*Asks:* 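Structure provided below as structure tokens; questions to follow.
Reckoned from all heavy atoms, side chains included, excluding hydrogens, waters and symmetry mates. Quick caveat, the model's predicted, so the values are computed rather than measured. Chain A is the first sequence line, chain B the second, and so forth, proteins listed ahead of strands; every chain is numbered from 1.
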Amino acid sequence: MMKITVQTGNPSLLKEALASDTQSIRFGSEFCMYALPSGDGVEKAYNLTRDAGKEFTYVTPRLAEGAMDSIKEHLVLLDDLGEATVVANDLGTIHAMRGLSALKLKLGRQLVYTPSRCPWNQITEHTVNIFTKRKVSQIFYQTALNYVPTIEFYKGLGAVGADVDWIPDLFPNLNFLIKNKFPVSVHMHSIPVAITRKCHMARFLGEEDLDRCSRPCYTKAYSMDNEFLGIDMVLEGNTVYKVTEPDRKTAQQLANRGVSELVLTMSPISGVRSKEQIESLIQRIQV
Amino acid sequence: MPSLTSDDGVTPNIMAPINSCDGGIRVVDAGANEVYCAVQIPDIKDFVLYRGPSSELPSYDDLGIVVKYAHEHGAKVDLVINQPYMVERIEKHIRKHVRNCVDQGVDHLIIGDFGVLSIVKKLNLEVPLVASTYLASMNSAATGFLEEQGFSRAVLERHLTLEEIKRIVDNTRIGIEILIHGGGCSNINASCYLYHHQFPELVEAQRQSNTSTPCSLPFTLRNVDDPQDMSEGVRVMDAFEYCSICKLPELIATGVNGLKIEGRTGSVWYQEATTKVYRELLDLIAAGRTEEYGERLEELKNGVYFLPVPSDFYRLKDLWCWQNRCYYSPLSQAPYKTPLTWQTWTKQHFSWVQR
């Protein structure tokens, strides 16, 4: 059975997630190094999750030097606390996990290059015939893990799986990963299209200092429209997303393919911010 | 001819971008220690990510000409393997491509994916490897990781402060390169999927807003929970041209090995002009002629030399300096307040009128 994991970096939403029917929790910041929890916050989240009888996964973003120092401390702390999975989105995090035997490494979305995250409608620069287009699609709708040496490389580093996006054209190619014993977790609702360090949203809202950011991304998201582009994108924090809507039929197909986990992020984009909303979505999607 | 060799252990290399033989010759003459370029992969021409053929040399013969000229003039050639990911369907094309490029005598291979790395390793090539910005090195743990994988140099991600660069250099044994001038991606390169494709909707959107990249397009922003909270024409992704001429002494002090100019899609004029300016300034600093360096900076800031499109109306400092559009100024890391248009200001302050 495919499990649904709830992801959040917001301690008050964590309480809602813990109270819900979900079997596992992801806590941390996937995209923003300025939104890292404190060591105490990580410990508290870990203990609360284990006390609630759920699995704990710590999610980490790309990191500059100072943030990497914090993550190193968090990893050592988690290793002392007990078993946990760590989603790494930075090669430095993989490096820092060496020798921490209680931690399992999972590749985050930022380490899995996926061209089909591109929001544009066309995949070739100019008009090509149907055969060429088909050939290009066969390359385009794959991920950096659709290559045995790459999978073996990451397995050699101890990776036990990877995160991917809800892109239906990509799903047939997930079979390759599953066949090669590399489990995948599929993120619902939002596909990261562009990520920055200097936060676009904080700048737009006039935040003066990212180290003291008031985290408007916990409560706000902005749709981004350009009349000529004709493409829907959403800005939430330092990331621009393409938005997708998960449905039961596609979830069923993913389960049939052997996908073991769906990830639900509590955010303004998913619109899920309470225990009731989590449970309603699980009811709607669960297969 | 380069007046300084980079092997003095103090002065970093200048690395110039090219997309033509002519460009290769002119940037070497302008003082580049290294040129970097890509070559079109003949068998997968229709599969284009990011910038497309305008950023590449058209053939292996062109690469050969550039390599020959560069080597005769004491410069090196770095080949960008333009592949942020590898799949089985293109494996044989990439293998053939790498082999063809190495046969032309390139000095380094710039690699952005571990699948491509595995191909290069299997080919048993004697060419040193450089980790591309696609590998998004932002800390010394990451560069340490890359060193273990066999890279001899790494290009750091753009959005780092001088202090962070210094810390990485101090804690890393491999060479470190940084980007100093150019198109100024506002997003992390490895995580940006806003490909610069030339498809009709994007071209039209760019034409209408007089921009050349998707990340400088204006958008109407609407709060998803409150449609009244709306702003129009916001260039929210904030892509600008960047420069680092004022920061050169501090950049040298970090101990980086390479200063990389962006612009493989740029004109030959841009590639040559930019290289020439950075060469001149680096030479002045290396010779201890700090006063002349300062004077030359002022001249440059009051001129239009650097601008991608020369202008009769704006000087460099009018367009860039006032906004602190320097790659390594502290402000370029921090968010700044989007200047309000009078319409937005009125809307914000007199919303009761609308109601």
*Asks:* If you count heavy-atom pairs within less than 4.5 Å of chain B, which of A:Met33, A:Lys135, A:Arg117 leads?
*Replies:*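 Heavy-atom pairs under 4.5 Å are most numerous for A:Arg117.
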*Asks:* Hey, which of B:Pro200, B:Ser137, B:Pro218, B:Gly144 has the most heavy atom pairs under 4.5 Å with chain A?
*Replies:* B:Pro218
*Asks:* Specify the closest pair of heavy atoms between A:Leu235 and B:Val236, including all atoms of both residues, with the distance to one decimal.
*Replies:* CD2-CG2, 3.7 Å
*Asks:* Evaluate the side-chain proximity of B:Tyr193 to A:Val240: yes if any heavy-atom separation is below 4.5 Å, no if none is.
*Replies:*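 In short, these two side chains do not touch, never coming nearer than 4.5 Å.
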*Asks:* Tell me, for A:Leu111 versus chain B, whether the close heavy atoms (under 4.5 Å) come from the side chain, the backbone, both or neither.
*Replies:*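 Nothing of A:Leu111, per the 4.5 Å heavy-atom cut-off to chain B.
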*Asks:* Given side chains that start at C-beta, do those of B:Gln83 and A:Tyr113 come closer than 4.5 Å, heavy atoms only?
*Replies:* no
*Asks:* With sequence neighbours left out, what residues match B:Glu56 under salt bridge (charged side-chain N to carboxylate O under 4.0 Å, His left out)?
*Replies:* none
*Asks:* Name the option with the most non-hydrogen atom pairs under 4.5 Å to chain A; the candidates are B:Pro227, B:Ala205, B:Ser118, B:Pro214.
*Replies:*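 Counting heavy-atom pairs under 4.5 Å, the top option is B:Ala205.
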*Asks:* Of all heavy-atom pairs between A:Thr150 and B:Gly115, which one has the smallest distance, and what is that distance?
*Replies:*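 Residues A:Thr150 and B:Gly115, closest heavy atoms: OG1-CA, 3.2 Å.
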*Asks:* Can you say whether B:Gln149 sits under 4.5 Å from chain A via the side chain, the backbone, both, or neither, judging by heavy atoms?
*Replies:*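 Just its side chain gets close to chain A.
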*Asks:* Checking heavy atoms, do the side chain of B:Gln206, its backbone, both or neither come under 4.5 Å from chain A?
*Replies:* neither
*Asks:* Which atoms of B:Ile188 are under 4.5 Å from chain A, going by heavy atoms: the side chain, the backbone, both sets, or neither?
*Replies:*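 Both backbone and side chain.
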*Asks:* Would you compute the distance between atom OH of A:Tyr147 and atom CD1 of B:Ile94 and round it to the nearest 0.5 angstrom?
*Replies:*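 Reported value, rounded in 0.5 Å steps: 9.5 Å.
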*Asks:* Does any backbone or side-chain atom of A:Asp225 lie under 4.5 Å from a heavy atom of chain B? Answer side chain, backbone, both or neither.
*Replies:*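 Interface part for A:Asp225: both.
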*Asks:* So for A:Thr239, is it side chain, backbone, both, or neither that comes closer than 4.5 Å to the heavy atoms of chain B?
*Replies:* neither
*Asks:* Report the option among B:Arg167, B:Glu204, B:Glu157 that has the most heavy-atom pairs separated by less than 4.5 Å from atoms of chain A.
*Replies:* B:Arg167
*Asks:* Does the side chain of B:Ser140 reach to within under 4.5 Å of the side chain of A:Met68, using non-hydrogen atoms?
*Replies:* no
*Asks:* Would you mind telling me which of A:Lys242, A:Gln110, A:Gln138 has the largest number of heavy-atom pairs within less than 4.5 Å of chain B?
*Replies:* A:Gln138
*Asks:* Checking A:Pro192 against chain B: side chain, backbone, both or neither under 4.5 Å from a heavy atom?
*Replies:* backbone
*Asks:* With side chain to side chain contact (heavy atoms under 4.5 Å, CB included) as the test, would you mind laying out the steps for B:Met138 and A:Arg197 before giving the verdict?
*Replies:* CA-CA 11 Å; B:Met138 292 175 75; A:Arg197 176 182 182 180; 4.3 Å; yes
*Asks:* Check whether A:Met201 gets within reach of chain B through its side chain, its backbone, both or neither, counting any heavy atom under 4.5 Å.
*Replies:* neither
*Asks:* Side chains of B:His159 and A:Arg62: closer than 4.5 Å at any heavy-atom pair?
*Replies:*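 B:His159 vs A:Arg62: side chains apart.
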*Asks:* Is A:Met224 close to chain B through its backbone or its side chain, or both, or neither, when contacts mean heavy atoms under 4.5 Å?
*Replies:*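 Looking at A:Met224, backbone and side chain both touch chain B.
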*Asks:* Given that the side chain runs from C-beta out, which part of B:Leu117 has a heavy atom under 4.5 Å from chain A: side chain, backbone, both or neither?
*Replies:* neither
*Asks:* Side chains of A:Phe31 and B:Ser191, heavy atoms from C-beta outward: is any pair under 4.5 Å?
*Replies:*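 No, their side chains stay 4.5 Å or more apart.
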*Asks:* Measuring from A:Arg203:CZ to B:Met237:CE, what's the distance to the nearest 0.5 Å?
*Replies:*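 Reported value, rounded in 0.5 Å steps: 10.0 Å.
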*Asks:* Could you look at A:Ser223 and say if it's the side chain, the backbone, both or neither that has a heavy atom under 4.5 Å from chain B?
*Replies:*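 For A:Ser223, the contact with chain B is made by backbone and side chain together.
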*Asks:* Using a 4.5 angstrom heavy-atom cutoff, name the option from A:Asn173, A:Ile231, A:Asp69, A:Thr93 with the most pairs to chain B.
*Replies:*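 Among the listed options, the one with the most contacts to chain B is A:Asp69.
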*Asks:* Between B:Asp226 and chain A, with a heavy-atom cut-off of 4.5 Å, which part of the residue counts as in contact: side chain, backbone, both or neither?
*Replies:*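 For B:Asp226, neither part sits under 4.5 Å from chain A.
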*Asks:* So what's closer than 4.5 Å to chain B heavy atoms on A:Ala64: side chain, backbone, both or neither?
*Replies:* both
*Asks:* Quick one: what part of A:Ile151 sits under 4.5 Å from any heavy atom of chain B, side chain, backbone, both or neither?
*Replies:*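 Neither part.
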*Asks:* Is any side-chain heavy atom of A:Tyr222 closer than 4.5 Å to a side-chain heavy atom of B:Ser231?
*Replies:* no
*Asks:* Let me see the working for A:Lys72 and B:Asn139 under side chain to side chain contact (heavy atoms under 4.5 Å, CB included), right down to the final yes or no.
*Replies:* CA-CA 12 Å; A:Lys72 282 179 183 167; B:Asn139 55 67; over 6 Å; no
*Asks:* Considering only heavy atoms, which portion of A:Thr143 lies under 4.5 Å from any heavy atom of chain B: side chain, backbone, both, or neither?
*Replies:* backbone
*Asks:* Quick check on the interface: out of A:Asn238, A:Leu229, A:Val136, who has the most heavy-atom pairs with chain B under 4.5 Å?
*Replies:*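 Heavy-atom pairs under 4.5 Å are most numerous for A:Leu229.
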*Asks:* For a quick test of reading the model, state the closest non-hydrogen atom pair linking A:Ala194 to B:Leu194 and the distance between them.
*Replies:*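 So the minimum-distance heavy-atom pair works out to CB-CD1, 3.9 Å.
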*Asks:* So for B:Arg89, is it side chain, backbone, both, or neither that comes closer than 4.5 Å to the heavy atoms of chain A?
*Replies:*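 It is the side chain, since no backbone atom gets that close.
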*Asks:* A:Pro149 and side-chain contact (heavy atoms from CB on, under 4.5 Å): which partner among B:Met86, B:Lys122, B:Glu91, B:Lys121?
*Replies:*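 Of all the options given, the one that passes is B:Lys122.
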*Asks:* Looking only at heavy atoms, which two atoms of B:Phe145 and A:Ile94 are closest? And how far apart?
*Replies:*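 Here B:Phe145 and A:Ile94 meet closest at CE1-CG2, 4.0 Å.
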*Asks:* Hey, are the side chains of A:Ile195 and B:Asn187 touching, using non-hydrogen atoms and a 4.5 Å cut-off?
*Replies:* no
*Asks:* List the steps and the verdict of side chain to side chain contact (heavy atoms under 4.5 Å, CB included) for A:Asn226 and B:Thr220.
*Replies:* CA-CA 6 Å; A:Asn226 178 298; B:Thr220 298; over 6 Å; no
*Asks:* What part of B:Asn223 lies closer than 4.5 angstrom to a heavy atom of chain A: side chain, backbone, both or neither?
*Replies:* both
*Asks:* Kindly compute the distance separating CD (B:Glu163) from CD (A:Glu65), expressed to the nearest 0.5 Å.
*Replies:* 12.0 Å
*Asks:* Using side-chain heavy atoms (C-beta onward) and a distance below 4.5 Å, is B:Phe114 in contact with A:Leu91?
*Replies:* yes
*Asks:* Can you name the residues of residues 152-169 of chain A that have some heavy atom under 4.5 Å away from a heavy atom in chain B?
*Replies:* A:Phe153, A:Tyr154, A:Leu157
